[in-house]
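Letters A, B, ... are given to chains in the order of the sequence lines, protein chains preceding strands, and every chain is numbered from 1.
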Amino acid sequence: MKAIVTVMLKTGVLDPQGKAIGHALHNLGFAGVGEVRMGKVIELELAETDAARARQEAEEMARKLLANPVIESFKVEILA
Amino acid sequence: MKAIVTVMLKTGVLDPQGKAIGHALHNLGFAGVGEVRMGKVIELELAETDAARARQEAEEMARKLLANPVIESFKVEILA
Amino acid sequence: MQAALLLFPGINRERDMIQAVRQSFGRAPAIVWHKETELPAGTDLVILPGGFSFGDYLRCGAMAAHSPVMRAVREHAGRGGYVLGVCNGFQILTEAGLLPGALLRNAGLRFLSMETRLSVERADTVFTRNWAPGAVFRAPMAHGDGNYTARTETLDRLEGEGLVAFRYADENRNGSARRIAGVFSPNLRVLGLMPHPEDLVDPLLGGTDGKPLFDSLAAA
Amino acid sequence: MSEVSETLARSFGLDAEEWGKVLEIMGRAPSLTELGIFSVMWSEHCSYKSSRVWLRELPTEAPWVIHGPGENAGVIDIGGGLAAVFKMESHNHPSFIEPYQGAATGVGGILRDVFTMGARPIANLNALRFGDPALPVTRRVVDGVVRGIGGYGNCVGVPTVGGEVNFHPAFNGNPLVNAMTVGVARADRIFLSAAAGVGNPVVYVGSKTGRDGIHGATMASAEFGAASEEKRPTVQVGDPFTEKLLIEACLELMETDAIVAIQDMGAAGLTSSSVEMAGKGGVGIELDLDAVPQRETGMSAYEMMLSESQERMLMVLKPERAEMARAIIEKWELDYAVIGRITDTGRIVVRHRGEVEADIPLSPLADQAPLYRRPAALPPKPARLAPLERHAPLDRALLTLIGCPDLCSRRWIFDQYDATVGGQTVKRPAEADAAIIRLEGGRRALAMTVDCTPRYCAADPEEGGRQAVAEAWRNLTATGARPLAVTDNMNFGNPEKPEIMGQFAAAIRGMASACAALEFPVVSGNVSLYNETEGRPILPTPAIGAVGVLEDAAQAVGYAARPGLALVVIGATRGELGCSLFLREIYGREEGAPPPVDLAAERRNGDFVRARILAGGVAACHDVSDGGLLVAVAEMALAGDCGVTLEGAGTAEYWFGEDQARYVLAVAEPAALLAAAVAAGVPAQHIGRAVAAKELTLPDGLAISLPQLREAHEGFFPRWFA
Ligand SMILES: Nc1ncnc2c1ncn2[C@@H]1O[C@H](COP(=O)(O)OP(=O)(O)O)[C@@H](O)[C@H]1O
Ligand SMILES: [Mg+2]
């Protein structure tokens, strides 16, 4: 199975990258852009074939390594 | 509307970050992890209210700035 | 040779570059703010120094490549003008499509700040003629994203057309394809490289290994 | 204004007596915002309430001191119309919680302290202490801290050129991250923080304010319903790009005649900057929080006053220059907002959404700030180490020592720091005992170093404090620089424990004696207390940052030996193994008294060495510190990539003793040097010479190949992080 872990900074935590991207998009003429936040996405090939267990495993990886719980939150998506 | 742009390195471009994460996950005891790829996700608040036009706009942003076509591919998702 | 140095927000090696240019050219380059839409009249050489333009957030050099001044730089290059991009300047030139390829995160995923050795791959260009063919010189490097990459066809073309400017001659620490440290445009008038010859132009600061680059340009 | 209770005040860290003073000053119960202002202004961090009485004992004056402690950073005259502006500051706790961001924002904060005075930052250094390398958490913290320091410093474009790193289990739950910045300004154009000029606008510059790092105490107290949406992050994220813009914008603005006073928003943000600026100027200040640039919606007055959002500055401007100032700030795409004005009321008045949220008289807030002379139990002097019976062979001991975490090469660390940006780096890490940075446009250069030996301080804080200052002075001297002044970072445990306060007092006494004897005044500093985990304190660590000057950068020497040169040790070697690394690493013993510092000998030997270097006869010089003479010699061989043949006495005491006030000089003409030493009354001894053969030959005939030595020296960090 494939797991997709998306890691974003928690709301309230300053996101300098998102801020700078928003700024650059405005300068490029995209006037309708509001807040921009940037995060990471990690695609994992998993040997696990059961979706529920795959999710559990990916969540554990996120908690242990992929996300920094002090400033980041994450979400997991499982693809067949 | 909200647009989510996911930017990944093209297949064939070496992804040292993904590789390092895969390595670290193995060291943590996650044996069933195969290939790992890491990318970026950019969440954009858009003033646009029409989903099709919002998608078009986000794709243009991705082509112009958010992704580097030499090494990266992107995909756009629109949320209400 | 009239030089103009581009200043993008977040650039931080402009002082180093100005010092090196002043020493070889006898005068400092004109400073051009990124929001300008024209280069100073009579500009022969445009220099993009190192640093972290726009913080290098998103991708190194990506935002700077879209600055207003870059349209003028494109025109200048199109007219056959000289362009030198060092470190972040190199990254900006690839992002702007003025040089092929891209610079990825260093293979070891760490910032690398140390002296390296570069081999001069051709000594018959306006940038390199003060070196002997095949010369190896020292240059400090300081970057997190210097891992040069391009499609295999592009790399073969660069090699075939003699557009590789410098290669790492000691260790290929950042993992660059074919040890490439710098490349030329097809007309040999645009040069981008990762290490910093501008930081080695004074015996007091460790040597003058980087000076031939500026002396070559000054003589043109 | 919502009223608050003593219970709430307690949870904000005010004790009963302090709460009583608040009521007395206010004549009523304070509002929440007022309580917040009192609590942060009277916190240990802002008020130095436990340390102030002791800090007064440090010498702070010399003819070259322009501004001593009390300003954002110390300022000294370095000749040529220039001033060096420097300070060191800790970010210990944040670096344990979130190593990358903690260290990064530490660097950002200390940079602001320096450029707020009008100086362009020219170098960063850092003093780091970590726990036991065998613990996984230590590895994680080291990795994050090093990346954070590099991530911030490299991006702002200030070279990181020096530092030190120690490991000890006492730092397991409490690493120390002390960051130092050195800047240079015109001596006649230093910017200060004292506000002046009734009616002058108070201007906010930089990043927008968010709910970053708001006083932990508020989190516990839900009763004032101050937005309990999501547990708020107290971790601040650094934005080095914005800091770079802020540096350039401020320095450009400082070229004009617009600024009356300026202060960075550091700890306690808007509160401490506004209170201190107005307080120092003896004026009043009014703030209108509706005008504060905000990153988040619905922020309360309390939150805005206590936010520790990074990359922000507060200025008092001349009104007629305000629009020009705005243009400069906005050119750098930073927020600019007039958020208040200077008044003659002697009060700080804070308004938000039409309400007065705080109205406090400033002088009692400062004058009646708590000041404690806490009980201090001076530690007993340790007994001297009894002689050792048996010794490991010298070659094996050297290989073990030079590869141990406290002595191995720091290359893996400093290779991640840009050391050359700016184009003025004369000596980068591991080339000389101090980093050397030339000053743009001339030949003058600054030398800088950070030093402290916590294991000495733990055994004998007075001797340890003295030694830290002496070592810093020695490291500057060893390059040929004239040592000028010191910044300190006092890292200690809980000051409410008499034995900790005793360590503090003793360390200060030792430092003061050395500063006085070496004419090496303290011009700035920082105190970090309560460094404890589960009641166990860190090793007392009075980190010393120091700056010296060279008239001509070309006179600076490094410590790389060259084949053919003779090696001469200056200073007496008695073989002090107490508290030595030899004793710890080879015997597993942390015992004895640290090597005593003889300040007269220190001065005499150092002045002699410096004079020889400036006279031009010295090719390389290295001070003898951790690991003793043999380690110093081995480092000179490694740096020069050459061999060394040693002669003379062969005991471990001699080669690994950590006697102070010593240097190894590499010279072409040893006879002249030895004669001069005799004439000057300075102990000197020829100990061998550097050779082309890549081998270190010890007096007893044992030999170590240079590659083997190098592998031992360079191996630890790369292996640890493989
Ligand atoms: N945290 C650090 N950051 C930058 N440079 C460092 C750091 N730690 C050590 N260094 C550098 O590595 C070299 C060796 O360090 P150290 O053994 O502590 O030196 P010394 O014994 O002379 O004080 C010095 O040049 C020092 O400045
Ligand atoms: Mg030293």
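Residues of residues 204-213 of chain C lying under 4.5 angstrom from chain D, judged on non-hydrogen atoms, are C:L204, C:L205 by number. Inspection of non-hydrogen atoms places C:F52, C:F54, C:G55, C:Y57 of residues 43-58 of chain C under 4.5 Å from chain D.
Of all the listed residues (D:G422, D:A556, D:A445), the one sharing the greatest number of non-hydrogen pairs under 4.5 Å with chain C is D:G422. Among D:K331, D:E243, D:R411, the residue with the largest count of heavy-atom pairs under 4.5 Å with chain C is D:K331. In terms of heavy-atom pairs under 4.5 angstrom with chain D, the leader among C:H143, C:M17, C:R110, C:K35 is C:R110. Looking only at heavy-atom pairs under 4.5 Å with chain C, the residue among D:I436, D:T420, D:V146 that has the most is D:T420. The candidate with the highest count of non-hydrogen atom pairs below 4.5 Å against chain C, out of D:D239, D:L245, D:V158, is D:D239.
Residues satisfying the side-chain contact (heavy atoms from CB on, under 4.5 Å) test with C:S176, not counting sequence neighbours, are C:Y148, C:Y168, C:N172, C:N174. Listed by chain and residue number, D:W720 satisfy the ring-ring contact (aromatic ring centres under 6.0 Å, His included) test with D:F716 (two or more places apart in sequence, or in another chain).
Taking CE of C:M114 as the reference point, atom CZ of D:R428 lies at 8.0 Å (rounded to 0.5 Å). Considering CG of C:L112 and CD of D:Q416, their distance stands at 8.0 Å, rounded to 0.5 Å. One distance of note links CG of C:D199 with OG1 of D:T425; it measures 7.5 Å at 0.5 Å rounding.
For CZ of C:R178, the number of neighbouring non-hydrogen atoms (other residues, nucleotides, ligands) closer than 6.0 Å is greater than 12. More than 12 heavy atoms of other residues, nucleotides or ligands lie within 6.0 Å of CD in D:E252, so this atom counts as buried by the packing criterion. In the displayed structure, D:E711 atom CD is contacted under 6.0 Å by at most 12 heavy atoms of other residues, nucleotides or ligands. Other residues, nucleotides and ligands contribute more than 12 heavy atoms inside 6.0 Å of the CZ atom of C:R129.
Under a 3.5 Å cut-off, the side chain of D:D418 and the backbone N or O of C:A142 do not form any donor-acceptor pair.
Side-chain polar atoms of C:Q19 and D:E440 form no donor-acceptor pair below 3.5 angstrom.
In terms of heavy atoms, D:C155 sits closest to C:N12 at O-ND2, 3.2 Å. Nearest heavy atoms, D:A419 versus C:S113: N-OG, 3.5 Å.
Contacts of C:D202 with chain D are made by side-chain atoms alone, with heavy-atom separations under 4.5 Å and no backbone atom involved. If you measure heavy-atom distances from C:I11 to chain D, the contacts under 4.5 Å come from the backbone alone. In this structure, chain C has a heavy atom under 4.5 Å from the side chain of D:E333, while its backbone stays farther away. With a 4.5 Å cut-off on non-hydrogen atoms, C:P9 touches chain D through its backbone and its side chain both. The contact between D:R438 and chain C is made entirely by side chain atoms (from C-beta outward), counting heavy-atom distances below 4.5 Å. Neither the backbone nor the side chain of D:K427 has a heavy atom closer than 4.5 Å to any heavy atom of chain C. Using a 4.5 Å cut-off between heavy atoms, D:V156 touches chain C through its backbone atoms (N, CA, C, O) alone.
Relative to the ring axis of C:F111, D:R147 does not place its NZ or CZ within 45° and under 6.0 Å from the centre.
With respect to C:R173 and D:D415, no salt bridge is recorded, no charged nitrogen being found less than 4.0 Å from a carboxylate O.
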